[in-house]
Amino acid sequence: MKVKALMILTSSARAFSAMNRRMYSTRSISAESLTLPSDSNSNSNSNSESANGASGSETRVSPLRRKRLKQEVLDSSSSHKEMCGVLPDIEDLSYKKTNVSPRESKLNSYVKSTEASTSASSSIRTAGKPPENWEKVLEGIRKMRSPEEATVDPVNCDRTGSFLPPKERRFYVLIGTLLSSQTKDHVTGAAVERLRLNGLLTPEAIDKADESTIRELIYPVGFYTRKATNVKKVAKLCLMKYNGDIPRSLEELLSLPGVGPKIAHLVLHIAWDDVQGICVDTHVHRICNRLGWVTKPGTKQKTSSPEETRVALQQWLPKEEWVAINFLLVGFGQKICTPLRPRCGVCSISELCPSAFKETPSKSSKLKKPIKSKKV
């Protein structure tokens with residue numbers, strides 16, 4: 001009886017030990033599939049498994065099985081992220097933000113720049129009072145401009161459209177100013193004249209005309225393809241929203257395709273005789289920085305765009321000069337203070353200009369001749 005009882009106890013112990021080994025094998029596989037151990041951890045697990053002797057066949061996992069378990073864990077992890085709504089990358093947000101139309105974006109950026117300039121106006125006024133001798137400089141430019149006829153002068157006379165009825169004249173001004181962007185004045189004047197001779201200077205006529213016809217007539221103005229599209233859109237909007245007239249407010253003008261702050265202020269002044277800001281183009285922007293008339297708010301750095309120049313210039317320039325300053329500096333920039341190699345030697349205000357003779361080519365550069373490659 002004792003022998004039989006001992007045999008029963010031994011078999012029970014063996015069965016219990018085998019059950020423990022199976023449970024350990026199951027736990028090791030489950031933990032491995034969930035924690036995705038590194039190579040060092042997997043090596044230590046394999047060593048412990050081999051140390052178990054007979055249990056090694058039960059705990060060893062084939063490479064194919066391990067790869068499949070890892071993929072299942074990755075798939076479940078990615079699906080969990082999708083369910084939780086993981087935030088997209090910040091670059092995705094910038095490219096996918098398409099709810100705001102280009103017109104709204106243009107108007108919002110202009111309003112923000114205006115608000116920023118208003119908040120910084122106090123610092124500009126205290127740190128950047130009217131520049132020293134600015135009146136002498138302006139008077140000197142007027143004297144230099146009187147005997148010179150810049151290319152901007154005859155075109156500006158034509159831009160007013162004084163020979164047309166008021167409503168047609170305003171549309172004439174809008175289209176002419178729209179075409180003038182990034183284009184030389186004589187090219188703009190010729191393009192507007194071709195439109196007029198073909199009876200395409202009213203919103204009704206432009207709306208009915210083919211875009212290809214407008215494109216051919218305004219060529220070679222800068223970006224003529226895009227401008228032909230914008231002219232068609234502007235004509236349609238003027239007919240639908242303004243009864244064939246043009247917008248009267250700055251905000252409405254800025255909402256038109258192809259119209260920025262400079263064009264809007266110029267149209268507002270010429271068409272409606274309403275001066276709300278200075279028209280600043282590349283000439284005005286360049287010359288004001290050369291003269292040291294404008295800086296970024298609270299700094300001594302030059303302004304980096306015509307819009308920044310407009311904001312800074314309006315902080316101190318008297319409003320009675322806002323209209324004249326554009327025509328004076330544009331003509332001055334075309335004849336004397338040119339973009340490349342400014343004619344400082346003939347400029348009567350060079351002694352008052354902090355940039356005088358600093359952008360002219362040196363004598364040594366004139367003497368240098370290009371080296372011709374010898375033919376072999």
Side-chain angles (χ1 to χ4, degrees), residues 128-160 162 173 176-177 180-189 260-295 302-303 305-359:
K129 296 177 182 178
E132 189 178 357
N133 297 321
W134 72 270
E135 292 171 310
K136 291 182 180 179
V137 171
L138 202 58
E139 185 61 28
I141 293 175
R142 283 196 179 96
K143 290 179 180 178
M144 284 186 285
R145 285 282 289 109
S146 55
E148 296 264 8
E149 184 186 24
T151 55
V152 70
D153 294 330
V155 178
N156 280 326
C157 294
D158 293 338
R159 263 187 207 169
T160 60
S162 56
V173 169
T177 310
S180 69
S181 176
Q182 301 292 321
T183 306
K184 293 184 177 180
D185 296 301
H186 68 277
V187 176
T188 303
K262 178 233 174 180
I263 293 176
H265 282 293
L266 191 58
V267 170
L268 203 62
H269 163 57
I270 298 176
W272 295 108
D273 194 23
D274 184 6
V275 180
Q276 292 191 23
I278 301 172
C279 303
V280 177
D281 62 0
T282 55
H283 290 289
V284 179
H285 171 60
R286 177 183 71 254
I287 295 168
C288 285
N289 275 286
R290 282 178 177 174
L291 293 172
W293 281 3
V294 292
T295 57
K302 293 182 177 181
T303 55
S305 68
E307 181 60 17
E308 283 187 359
T309 298
R310 181 190 68 81
V311 171
L313 194 58
Q314 287 178 186
Q315 301 302 324
W316 61 266
L317 187 67
K319 194 168 183 178
E320 56 267 21
E321 298 285 357
W322 285 13
V323 174
I325 194 72
N326 176 267
F327 300 112
L328 278 174
L329 296 189
V330 169
F332 179 61
Q334 289 174 338
K335 290 295 183 179
I336 297 177
C337 198
T338 51
L340 299 175
R341 300 180 181 88
R343 301 169 60 193
C344 300
V346 299
C347 180
S348 64
I349 60 167
S350 58
E351 295 181 356
L352 301 173
C353 178
S355 304
F357 300 101
K358 292 183 179 180
E359 297 183 36

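Keep in mind that the numbers below use all heavy atoms, side chains included, and drop hydrogens, waters and symmetry copies. Predicted model, so just to flag it, every value in this text is computed and none were measured.
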>> Regarding Thr303 and Asn289, do their side chains bring together a donor and an acceptor under 3.5 Å, going by distance alone?
In response: yes

Should [X] and [Y] count as side-chain neighbours, where that means a heavy-atom distance under 4.5 Å?
| X | Y | result |
| --- | --- | --- |
| Pro339 | Arg286 | yes |
| His285 | Thr309 | yes |
| Gln276 | Leu268 | yes |
| Lys129 | Trp316 | no |
| Ile263 | Ser181 | yes |
| Leu328 | Arg142 | yes |
| Asp281 | Leu329 | no |
| Trp134 | Leu352 | no |

Within this structure, what is the [atom1]-[atom2] distance for the pair [X] and [Y], rounded to the nearest 0.5 Å?
| X | Y | atom1 | atom2 | answer |
| --- | --- | --- | --- | --- |
| Phe327 | Cys279 | CZ | SG | 7.0 Å |
| Phe332 | His283 | CZ | NE2 | 12.0 Å |
| Leu317 | Arg310 | CG | CZ | 13.0 Å |
| His269 | Asp273 | NE2 | CG | 6.5 Å |
| Thr177 | His265 | OG1 | NE2 | 13.5 Å |
| Glu351 | Asn133 | CD | CG | 11.0 Å |

Flag, side chain of [X] to backbone of [Y], donor-acceptor distance under 3.5 Å:
| X | Y | answer |
| --- | --- | --- |
| Thr338 | Gln334 | no |
| Lys184 | Ser180 | no |
| Arg343 | Cys337 | no |

>> Taking side-chain contact (heavy atoms from CB on, under 4.5 Å) as the definition, give me every residue that meets it alongside Ser305, ordered by chain and number, with sequence neighbours left out.
In response: Glu307, Glu308

> Nearest heavy-atom pair of Cys344 and Ser350: which atoms, and what distance?
Replying inline: O-CB, 3.8 Å

>> Can you list everything that forms a salt bridge (charged side-chain N to carboxylate O under 4.0 Å, His left out) with Glu135? Sequence neighbours excluded, please.
In response: none

>> If the condition is salt bridge (charged side-chain N to carboxylate O under 4.0 Å, His left out), which residues does Arg290 pass it with, not counting sequence neighbours?
In response: Glu359

>> Applying side-chain contact (heavy atoms from CB on, under 4.5 Å) to Lys262 and Val280, what does each step give before you reach the verdict?
In response: CA-CA 6 Å; Lys262 178 233 174 180; Val280 177; 5.8 Å; no

> With a cut-off of 6.0 Å (strictly less than), are more than 12 heavy atoms of other residues, nucleotides or ligands near CD of Glu132?
Replying inline: no

